[in-house]
Structures are given as C-alpha cells and as structure tokens.
Number of protein chains: 2
Amino acid sequence: MSDKRLQLIKTAFKLFYLKGVHAVGINEILSESGVAKKTLYHHFSGKEALVSAVLEYRDQRFHDWLKGRLDQAKSGPDKVLTLFDALDDWFNDRVTELLPFHGCFFINVSAEFSEPNNPLHQLCCHHKERIAQLIRAQVDTLGIEPVAVDAFTNALCLLKEGAITLAHVQGDRLAATKAKATALQLLQGNQSVRD
Amino acid sequence: MSDKRLQLIKTAFKLFYLKGVHAVGINEILSESGVAKKTLYHHFSGKEALVSAVLEYRDQRFHDWLKGRLDQAKSGPDKVLTLFDALDDWFNDRVTELLPFHGCFFINVSAEFSEPNNPLHQLCCHHKERIAQLIRAQVDTLGIEPVAVDAFTNALCLLKEGAITLAHVQGDRLAATKAKATALQLLQGNQSVRD
DNA sequence: TACATGGTAGACAGGTCGGTCTACTCATGT
DNA sequence: ACATGAGTAGACCGACCTGTCTACCATGTA
C-alpha cells in the first residue's frame, strides 16, 4: 500500500468520523493530509471509493483491537464480560488507537447511506457480522447448549449496540457498565437453569 | 400552526429520514412539497431551524404512538414486553404513521451532528430521555424493588436501542423478537430472585 | 539516455448549496 | 376601499462541491 494512499485514508477517516461523510469535502481531506488532488484520483476512482477504503480500514483496526482484548480474557464468564470492559475503555477514550469516541463509525455511515442495497451500507453490515462472529466464538467457550449459544450471542450483540447508542446519543459514559450488569444477570440466569 | 409550515415539516422529515439531512437540499424539499422558497424562509430562519422543527415533530409523533401502544398493555409482564411487539411492528412496516422503517431518525441525525453540544444532537438526546421515561413508567407497574427498577429500565433501553441498530444496519427484521426473548429471560431471572 | 511512474500545485468546469431579493397574487379584516 | 400578510415563481449571489486537466518535478529502471 502506497504511503500517500494510507495517509489519505487515515485523514479521511478522522474527518468522516468527526463530522460525517457528507459534511466533509474532498478538498478538506486534501489540505488536511497535504496530498495533491491528482494523487487522490490516482488511487481512488472517486469519493465513494475513498469512503469504501476508509470503511475497510476501520473495520480491520476495530476488529484487530477487539480480538486482541477478547483473547486476553480468562476462561469462564470473563470470556464474554471482557467485551464490556473493552467497550467501557472505548467510550471513555482510553483506547488511543480508536481515536476519541464519536459513536460507531459503521452505524454513523449506515445512517447517511441508509438504503440497504447501497454498497457502503453493506460494508457496514459486513463489519457488524464480523464482530458478531467474534462474540459468538467467545460464547462458544462457555460450554452451554447450542440453542443457548445463539440466544446469548444475540443478547450480547443487542446489549453492545445498545450501549454504543446510549454512549453516543445520550453521552452516557456508563453505558458499558450498565450493559455488563445486564449480561451478568443473563449469565446467572443461564447457570440457574443448568443447576 | 400554518398549513404550509406543517407541509414543509412533513416533506422535510420524509426526505431527511430517507436520505439524511446533509444529503437533502432546501430546493429538493421545496420542489417536493410544492412550497415557495420565500415561504420556507418566512417560517424558518434557515435549514437548521427546519431540521430542529422536524426533530420536534417526529419526537411528538413517535412518543404519542409508543405511549398509545404501551397504554394498551395488560398489567403484569405484558406491560414491558409490549414494547418489543410495538418495535416489531415498526421494524416490519406495520405502522403506517411512522413511515417505512429506516432506523431511528434521532440516532441517524446524531450521527450527522455528532458533537455533543450541537443543538440538534441535544434534541436527539432529549427524545431518547423522554422515551426512557415512558419505559420506566411501565417498569414501575411491575412492583419490584426501586433498585431493580433502575437496572431493568436500563436493560430494556439497551435492548431497544440494540434492536433498532440490528434492524437498521444489519436489516435484521427479527431484532425485536430477539430483544423480547432476552427481556423475558431477565424478567424470569428477577422473579426467581424474589421467590 | 530515454522513459514510465508517482508525485506536486493549482486552474478550471459544471453543478449544487443555502440564502436573499424582486415582483406579483390573493384573501381577509377594518 | 385599502392595507396587510401569507403565499407564488424564480432570478440571482457567493461559496463550495466533485472531478478533470495542464504543466512540472523527482526517481528508478531498461
């Protein structure tokens, strides 16, 4: 990957994430990154292709970060509860590699390109599916019945997205903590069924 | 409220909800609504004031609709589970007054105006708080301990927002059903503690 | 040496943006 | 009879948008 190309993607992400895609013009990205317009159109066919590349870039960064965090979890309930500790760090700007929290980039982009068959919207959907797979793998380690794995994975994904929304729209910095408490309650409920 | 003013708000909402605020120009709203530009600037000081009025309009409609649904619930667990039946109808376009589902308008607008101190963002936050109050009132009817009321209200809000996000970004039309199942599990967990 | 490649700076084109303004119509209340 | 206010149509302004293009500069390779 070319130097300038990456530079463009990083700058574009920073601005898109902060202000939204439609609110940021090509020229702003160029002046901020110090790259010439011709170079941009050498690497990307247009703005949409740049947005697409930015989505893939963020998908990779976010996925890697979360996988790293989940891999560190001790076996047992911690395998899933770590998810909410990671979210808590994200919401409260303790993860420098993700930049200051401004909601989920993919939810934000989905909001701007809300048609389900829009390619950018589909990239956002794909990201969410990858993250859900990551969570499912954690739930699998708990050793509960397959039906319960599905249900619990769904619940964790719902709580995760809910926490992101609360943290962003309502500025609720405790959202991850609340979600963790709910997840713990579900976990205990599951156990009592088994006992 | 003037006839033309309401017409502008309705048309603007339809377009903003479908395409996003930044993606829709004043001229499109005018030609779609058949209102003259001068009339728009007679009723609103600018585009931002129009967006603001649209947010208030949608807040009122959504709040009234949800309150109506929740009021119909039978006493007992149904008081809170009705919430997810209502969401299910919304996600699957069985609520004509809310227009075809394109996510939560307030989450979408928050994504485009993500600075917490932006007035439009704050209106979105205010809407979410009003809806949360509605839910809290339902939880109150369950007659559980005050501490549990807080926790359960938080959980329901998280599940609600999560369901909206899943339904929108991932196009998961079953999101409300999944959230309902999780809520039911929490409800049963709460009861087993009391027994 | 000759030439392709990736880069810079920035003028330019065609279009759209939000917003202002003029000139006109029409109903209503005094 | 007439002023007022709400409305229409649409020209116009300056700013900004995406995207193209020219002209030039390095650098590495055949």
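Letters go in sequence order (proteins before strands), and every chain restarts at 1. When reading the values below, keep in mind they use all heavy atoms of this one structure, side chains included, and skip hydrogens, waters and symmetry mates. As the structure is a prediction and not an experimental result, all values here were calculated from the model.
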Is it true that, when you exclude B:K79 itself, more than 12 heavy atoms of the residues, nucleotides or ligands shown sit nearer than 6.0 Å to its NZ?
yes

How would nucleotides 12-19 of chain C be written as a contact map, 5' to 3', with B for base contact, S for sugar-phosphate-only contact and - for no contact, using protein heavy atoms under 4.0 Å?
-----SSB

Using atom [atom1] of [X] as one end and atom [atom2] of [N] as the other, report the distance to the nearest whole Å.
| X | N | atom1 | atom2 | value |
| --- | --- | --- | --- | --- |
| B:H42 | D:dA9 | NE2 | C1' | 17 Å |
| A:D3 | D:dA26 | CG | P | 19 Å |
| A:F44 | C:dG6 | CZ | P | 14 Å |
| A:L30 | D:dG19 | CG | P | 12 Å |
| A:K38 | D:dA23 | NZ | P | 11 Å |
| A:Q7 | C:dG6 | CD | P | 16 Å |

May I ask you to decide whether A:K19 forms a salt bridge with B:E115, counting only side-chain N to carboxylate O separations under 4.0 Å?
no

When you measure from the side-chain N and O atoms of B:H43 to the phosphate of D:dG7, is any distance below 4.0 Å, counting only OP1 and OP2?
yes

Can you tell me if the side-chain N/O atoms of B:K4 get under 4.0 Å from OP1 or OP2 in D:dT8?
yes

With no hydrogens and no angle check, do the side chains of B:D150 and B:N154 hold a donor and an acceptor under 3.5 Å apart?
no

Report yes or no: does B:T141 contribute a side-chain atom to a donor-acceptor pair with the main-chain N or O of B:A137 at less than 3.5 Å?
no

Cation-pi between A:R58 and A:Y17: NZ/CZ under 6.0 Å from ring centre and within 45° of the ring axis?
yes

Is there a side-chain contact between A:W65 and A:R61 (heavy atoms, below 4.5 Å)?
no

